[in-house]
Undergrad: 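Just dropping this structure here.
This chain uses plain numbering: 1 for the first residue, then up along the sequence. Both counts, for ligands and for their atoms, begin at 1 and track the order of listing. Model, not experiment: these values are computed from the prediction. The figures that follow rest on heavy atoms only: side chains count, while hydrogens, waters and symmetry mates do not.
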Amino acid sequence: MNPEGRLLTDNPLLRRLLISRWPQWLVGATALAVFTYLALAGIAGTPVGNRNLAITLVWIAWWGALILILVPVGGRLWCSICPLPLPGEWAQRGGLMQADGRRQLGLGRRWPRRWRNLWLQNIGFLALAIFSAPILTLPRATAWLLIALVVIALAVSLLFERRSFCRYLCPVGGFIGLYSLLSPLALRVKDPQVCRTHPTKDCYRGNALGHGCPWQVYPGTLNRNANCGLCLECLRTCPLDNVALVWRPGQSDLAAGPGRRPLHMDEVFKGAIMLAAALVYSAVMLGPWGALKAAAFNVFSAEWFTYVGGLLVLALVVVPGVLALAASIGARLDPSGLLRGREGIRRAAAGLIPLGLGAWVAFSLGFVFANGSYVLNALSDPLGWGWDLFGLSNLAWRPALTGITPLLQGFALIAGLAGAAYITFKEVLHTDRTIRSSLASVPVLTFYALCGAALMVILS
Ligand code: SF4
Ligand code: SF4
């Protein structure tokens, strides 16, 4: 039984390209070289943020590509070429391109059971969020952040098994994983029955051709994208040609139905934190409120502590609290009982994912188009030392596509709201298709509509 969708790896050319280690290795190694250069540029270059390549390439070009293209289309595609864990992975495997998965260095400890979830990633993301204003504008802060992430990933790879850093610690990987549930691109086994009867499970254990799943996932039962890093090792190791890259309808992983489970509470909070952060970043970076901007930038001032308190309360209390209230009101109207209790909140929270991604796309469209010309300046003068490599270093600041940006932002928010409505209806109606059940969705959808409206007001 094939998975729903088109099996991209049925194309022999694409399959050969993906099974070969070279293309993926070259892209990842190039990304590592670029990140290394950016870290050096951040430390040695000009402290003026919009003149330093570390700021412009990371927070405008990379961020724009990640949120506007890679995550919506490819889910965890970035994770398959991310340079941050590469030094750790190379050390763990004992070589730059070590294919033999039976060879592993390091202590290989199991990640502590209590932290096998998103909570540390939630804490890490919030820590970055409260210092985001200086990180986004001070090249040295960005440089040290990149270095710290590589060093932590290296240390974790030497102590713990496989990609524990990516799976349980990386603050970027946490939200990419959550939003990858919307992605049309997925890795799945062609026939789960073949896996059930295959005794050696090479995809998980590894063999001479490749490594056991670095993300600690067993592909035979994989039915959601969140924890699959699209590293393609299982495509290389499976001796029965039972693994495929699949192109299927977006949101497939969120649709309620047999074999699907509601979000876990750590994922609910991840969704709430991301939506709250999109609201706050939009207000700080793109809104007209000077006092708010000043509070976010003046780290450790009294205003900054108020700003941080507001951000944390919004992310950890207001968004999840109002969502829980909306779900409990809906539960009174819901004859099927799907919105009742903690599980009801977990079901209702599925809409946070499309709405949150829509919110981040809308924010990033404004941010990237407004500041994109700084990337050209910095490419021509990467360290801010007065060079002019491409004749662009004195190009005047020029926001791009100003005429259509609001339209695109509105479209992104409406698409996010439509996705939230679709998922919420599916969650509530998949067992009981009555008018009363539809009404049960109304409080939750009203909450999502209010969040979308707040974002539209901030961005307008
Ligand atoms: S090696 Fe292939 S057939 Fe065996 S369990 Fe893994 S994916 Fe299934
Ligand atoms: S080995 Fe397969 S299941 Fe595991 S992360 Fe890589 S692509 Fe995903």
Side-chain angles (χ1 to χ4, degrees), residues 1-3 5 7-10 14-15 17-21 23-25 27-28 70-71 74-82 84-86 88-89 92-93 97-102 104 111 116 118 121 153 156-157 160-170 172-174 176-181 183-248 252-253:
M1 186 192 70
N2 282 343
L7 305 190
L8 301 179
T9 35
D10 274 359
L14 183 65
R15 190 179 158 79
L17 206 67
L18 296 177
I19 283 185
S20 163
R21 290 181 181 275
Q24 191 181 9
W25 189 90
V27 178
L70 289 175
V71 171
R76 277 203 186 269
L77 213 48
W78 167 255
C79 298
S80 68
I81 50 144
C82 176
L84 300 178
L86 280 189
E89 192 159 82
Q92 200 181 56
R93 292 178 179 177
M97 211 199 276
Q98 175 58 253
D100 191 339
R102 297 165 302 186
Q104 295 286 314
W111 189 254
R116 284 184 213 160
L118 291 182
Q121 286 170 314
V156 171
S157 297
F160 295 96
E161 63 173 340
R162 311 191 191 203
R163 282 213 187 186
S164 294
F165 170 82
C166 300
R167 176 89 192 257
Y168 301 115
L169 276 182
C170 176
V172 178
I176 297 182
L178 190 75
Y179 291 147
S180 74
L181 295 173
S183 163
L185 186 70
L187 182 131
R188 295 290 184 270
V189 293
K190 295 179 191 170
D191 185 351
Q193 182 57 31
V194 173
C195 296
R196 261 176 239 129
T197 53
H198 182 216
T200 53
K201 312 277 191 253
D202 301 38
C203 58
Y204 190 79
R205 296 197 177 117
N207 58 25
L209 296 174
H211 300 267
C213 176
W215 288 70
Q216 304 167 41
V217 164
Y218 169 48
T221 51
L222 183 66
N223 67 359
R224 67 206 296 269
N225 281 349
N227 296 326
C228 167
L230 292 178
C231 69
L232 305 177
E233 287 300 327
C234 55
L235 196 69
R236 298 173 182 126
T237 52
C238 177
L240 304 182
D241 184 19
N242 195 33
V243 173
L245 259 188
V246 185
W247 187 262
R248 75 271 154 87
S252 298
D253 286 1

Undergrad: What atoms of ligand 1 come closer than 4.0 angstrom to any heavy atom of Y218?
TA: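 Those of ligand 1 that fall under 4.0 Å from Y218 are 5 (S).
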Undergrad: With backbone taken as N, CA, C and O and side chain as the heavy atoms from C-beta onward, which portion of L232 lies under 4.0 Å from ligand 2: side chain, backbone, both, or neither?
TA: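 Answer for L232: backbone.
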Undergrad: Taking atom types as modelled, is there a side-chain donor on R188 or N225 under 3.5 Å from an acceptor on the other?
TA: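 Yes - a donor-acceptor pair under 3.5 Å links their side chains.
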Undergrad: At less than 4.0 angstrom from any non-hydrogen atom of V243, what atoms of ligand 1 do you find?
TA: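 Listed by number with element: 7 (S).
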Undergrad: Does any N, O or S atom in H198 come within less than 2.8 Å of atom 8 (Fe) of ligand 1?
TA: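 Checking atom 8 (Fe) of ligand 1 against H198, no N, O or S atom falls under 2.8 Å.
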Undergrad: Would you please classify the geometry between the F160 ring and the W111 ring as parallel, tilted or perpendicular, with 30° and 60° separating the classes?
TA: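 Aromatic pair W111/F160 classed perpendicular.
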Undergrad: Out of all atoms in ligand 2, which are within 4.0 Å of some heavy atom of L187? Include the element for each.
TA: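 Counting from 1, the qualifying ligand atoms are 2 (Fe), 3 (S), 7 (S).
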Undergrad: Do NZ/NE/NH1/NH2 and the carboxylate oxygens of R196 and D191 come within less than 4.0 Å?
TA: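 No.
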Undergrad: Check R76, R224, R248 against D253 for a salt bridge (charged side-chain N to carboxylate O under 4.0 Å, His left out) and give me the one that passes.
TA: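 It is R248; the other options fail the test.
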Undergrad: Can you list the atoms of ligand 1 that are under 4.0 Å from a heavy atom of K201?
TA: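 Near K201, the atoms of ligand 1 are 5 (S).
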Undergrad: I need the atoms of ligand 1 closer than 4.0 Å to a non-hydrogen atom of V189, numbered in the order shown.
TA: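 Result: 7 (S).
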Undergrad: Answer yes when R21 and E233 have at least one side-chain N-carboxylate O distance shorter than 4.0 Å, and no when they do not.
TA: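 Answer for the salt bridge query: yes.
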Undergrad: Would you mind checking which non-hydrogen protein atom is closest to atom 4 (Fe) of ligand 2, with the distance to 0.1 Å?
TA: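 Sorting protein heavy atoms by distance from atom 4 (Fe) of ligand 2 puts C213 SG, 2.2 Å first.
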Undergrad: Salt bridge or not for D10 and R15, using N-O below 4.0 Å?
TA: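 Answer for the salt bridge query: no.
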Undergrad: Checking contacts here: is it the side chain or the backbone of P219 that comes within 4.0 Å of ligand 1, counting heavy atoms only? Could be both or neither.
TA: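 The answer is neither.
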Undergrad: Around atom 8 (Fe) of ligand 2, find the nearest protein heavy atom and jot down its residue, atom name and distance.
TA: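 Minimum-distance protein heavy atom for atom 8 (Fe) of ligand 2 reads C228 SG, 2.3 Å.
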Undergrad: Calculate, to the nearest 0.5 Å, the distance between atoms OG and CG belonging to S80 and L187 respectively.
TA: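 It comes to 11.0 Å.
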Undergrad: What is the closest protein heavy atom to atom 5 (S) of ligand 2, and at what distance does it sit?
TA: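 Nearest neighbour among protein heavy atoms for atom 5 (S) of ligand 2, to 0.1 Å: G229 N, 3.2 Å.
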Undergrad: Side chains of L77 and V71: does their closest heavy-atom pair fall under 4.5 Å?
TA: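 No, too far: nothing below the 4.5 Å cut-off.
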Undergrad: Identify the closest protein heavy atom to atom 2 (Fe) of ligand 2: which residue and atom is it, and at what distance?
TA: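 Ranking protein heavy atoms by distance from atom 2 (Fe) of ligand 2, first comes C234 SG, 2.3 Å.
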Undergrad: Just wondering, do W215 and R162 contact through their side chains at under 4.5 Å, heavy atoms?
TA: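 A side-chain contact is absent here, since even the closest heavy-atom pair is not under 4.5 Å.
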Undergrad: Give the atom numbers and elements of ligand 2 that come within less than 4.0 Å of a heavy atom of W215.
TA: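 The list of qualifying atoms is 5 (S).
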Undergrad: Which of the atoms of ligand 1 are close to D202, meaning less than 4.0 Å from one of its heavy atoms?
TA: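 The atoms of ligand 1 under 4.0 Å from a heavy atom of D202 are 1 (S).
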Undergrad: May I ask you to test the R163-C231 pair for a side-chain heavy-atom distance under 4.5 Å?
TA: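 When only atoms from C-beta onward are counted, C231 and R163 do not touch, as no gap falls below 4.5 Å.
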Undergrad: Please state which protein non-hydrogen atom is closest to atom 6 (Fe) of ligand 1 and give its distance, to 0.1 Å?
TA: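 The closest heavy atom on the protein side is C203 SG, 2.3 Å.
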